[in-house]
Amino acid sequence: MRPLIAGNWKMNTLRSEATALVAGLMEQRAERDPGCDMLVCPPFVTLRPVAEVIEGSPIALGAQDCHAEGSGAHTGDISAAMLADAGCKCVIVGHSERRADHRESDSLVVSKAIVAHENDLTAVICVGETLAQRESEETLSIVETQVSQSVPDGATAENTVVAYEPVWAIGTGLTPTIDQISEVHDYMRALLVARFPDRAEFRLLYGGSMNPGNAREILAVDNVNGGLVGGASLKVEDFWAICTSV
Ligand code: 13P
């Protein structure tokens with residue numbers, strides 16, 4: 001399974017910064033294949049400028065969210081069809097920042113994944129526990145609930161990627177131990193194998209304070225098939241170093 005390294009730029013980069021960032025990545029990528037698929041997820045308004053720069057290159061474009069419905073009276077929202085039309089191949093759904101900031105539930109997240117699939121977008125579905133949940137030993141049950149309720153029945157290895165992002169590891173510089181990452185990823189794999197016995201080759205990403213210093217060890221864990229990178233995806237050298245760590 002070819003790993004996927006995805007950059008979630010979150011609410012960062014103005015147009016000139018976004019195009020410079022992706023142009024820098026393309027220069028590296030033109031020199032060699034790092035051995036992984038590369039995905040960048042800029043903010044909505046920079047999708048088109050970035051799409052124009054990466055056109056024809058092996059770097060794929062994704063968005064950070066979509067609305068759960070196909071179209072209509074939803075002021076300020078963006079549909080999956082618009083994302084596909086803008087050149088996206090993927091969309092992140094259920095990121096913990098959206099679950100927290102916008103009170104997104106598993107039932108909303110699964111609807112977003114379904115509408116993404118209907119528009120030929122790969123859904124990168126995020127799950128993960130808070131620090132309080134980790135400390136009260138609820139990690140596996142939280143992950144089980146989120147995976148079973150946020151991943152739609154129509155999921156396949158082609159249209160779905162699942163990202164484990166412990167909330168307490170995001171943007172904090174803290175990461176779980178390798179054993180903790182391994183435990184959750186093995187558990188997610190087992191859940192998916194049980195539910196989709198004939199198509200469980202989903203890529204499972206780890207996300208949360210991944211950086212050039214810890215990427216190699218994390219990406220070597222069984223059932224870690226790539227990374228979802230926040231802060232370190234905003235610098236060409238750091239994101240490229242993570243890509244070449246696979
Ligand atoms: P950081 O890499 O900044 O911790 O963010 C991870 C993340 O939330 C990616 O979606």
Side-chain angles (χ1 to χ4, degrees), residues 3-13 17-18 21-22 25 36-44 46-47 50 60-66 83 88-102 104 109 112-113 116 121-131 133-134 139 142-143 146-147 150 160-178 180-181 184-185 188 203-219 221 224-246:
L4 170 66
I5 303 293
N8 174 7
W9 297 1
K10 308 193 179 183
M11 198 170 69
N12 296 295
T13 67
E17 296 162 331
L21 176 51
V22 84
L25 292 174
C36 64
D37 291 340
M38 292 171 67
L39 170 68
V40 293
C41 301
F44 290 133
T46 39
L47 287 172
V50 169
L61 184 68
Q64 300 172 18
D65 181 47
C66 65
L83 299 179
C88 291
K89 298 282 178 249
C90 300
V91 59
I92 298 169
V93 293
H95 192 282
S96 62
E97 287 153 13
R98 293 207 61 88
R99 289 180 188 261
D101 294 355
H102 300 271
E104 294 197 0
V109 174
K112 292 182 176 203
L121 296 172
T122 295
V124 179
I125 303 172
C126 303
V127 302
E129 83 286 0
T130 63
L131 186 59
Q133 290 163 339
R134 158 86 41 199
T139 298
I142 293 293
V143 166
Q146 291 182 340
V147 169
S150 300
T160 300
V161 171
V162 180
Y164 170 56
E165 298 205 310
V167 178
W168 53 273
I170 295 176
T172 58
L174 302 172
T175 50
T177 65
I178 291 300
Q180 288 172 329
I181 294 174
V184 175
H185 278 249
M188 294 197 298
R203 289 194 279 195
L204 306 181
L205 310 186
Y206 169 78
S209 296
M210 189 179 263
N211 62 48
N214 61 24
R216 189 172 300 276
E217 196 183 8
I218 294 172
L219 293 168
V221 174
V224 172
N225 314 114
L228 182 53
V229 186
S233 71
L234 296 170
K235 284 197 190 139
V236 173
E237 313 73 55
D238 288 356
F239 191 62
W240 181 250
I242 294 171
C243 291
T244 56
S245 301
V246 299

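When a ligand or atom number is given, it counts from 1 through the structure's own listing order. These numbers were taken from a predicted model, which means no experiment stands behind them. By convention here, the first residue in the shown sequence is residue 1.
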Note every protein N or O atom lying under 3.5 Å from an N or O atom of ligand 1, pairing the names and giving the distance.
unit_1, atom_1, unit_2, atom_2, d
ligand 1, 2 (O), Gly230, N, 2.8
ligand 1, 3 (O), Gly231, N, 2.8
ligand 1, 4 (O), Gly171, N, 2.7
ligand 1, 4 (O), Ser209, N, 2.7
ligand 1, 5 (O), Lys10, NZ, 3.2
ligand 1, 8 (O), Lys10, NZ, 2.8
ligand 1, 8 (O), His95, NE2, 2.8
ligand 1, 8 (O), Glu165, OE1, 3.4
ligand 1, 10 (O), Asn8, ND2, 3.0
ligand 1, 10 (O), His95, NE2, 2.9
ligand 1, 10 (O), Glu165, OE1, 3.2
ligand 1, 10 (O), Glu165, OE2, 2.9

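- Of the residues listed (Asp101, Val167, Val127), the one engaging Ser96 in a side chain to side chain contact (heavy atoms under 4.5 Å, CB included) is Val167, and it is the only one.
- Other residues, nucleotides and ligands place more than 12 heavy atoms under 6.0 Å from the CD atom of Gln180.
- Donor-acceptor pairing under 3.5 Å is recorded for the side chains of Ser150 and Arg99.
- Between the side chains of Tyr164 and Gln146, no donor-acceptor pair of N or O atoms lies under 3.5 Å.
- A donor-acceptor pair shorter than 3.5 Å cannot be found between the side chains of Gln64 and His95.
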>> As a quick check of understanding, evaluate salt bridge (charged side-chain N to carboxylate O under 4.0 Å, His left out) for Glu104 and Arg98, giving each step before the final call.
In response: CA-CA 6 Å; Glu104 294 197 0; Arg98 293 207 61 88; 2.8 Å; yes
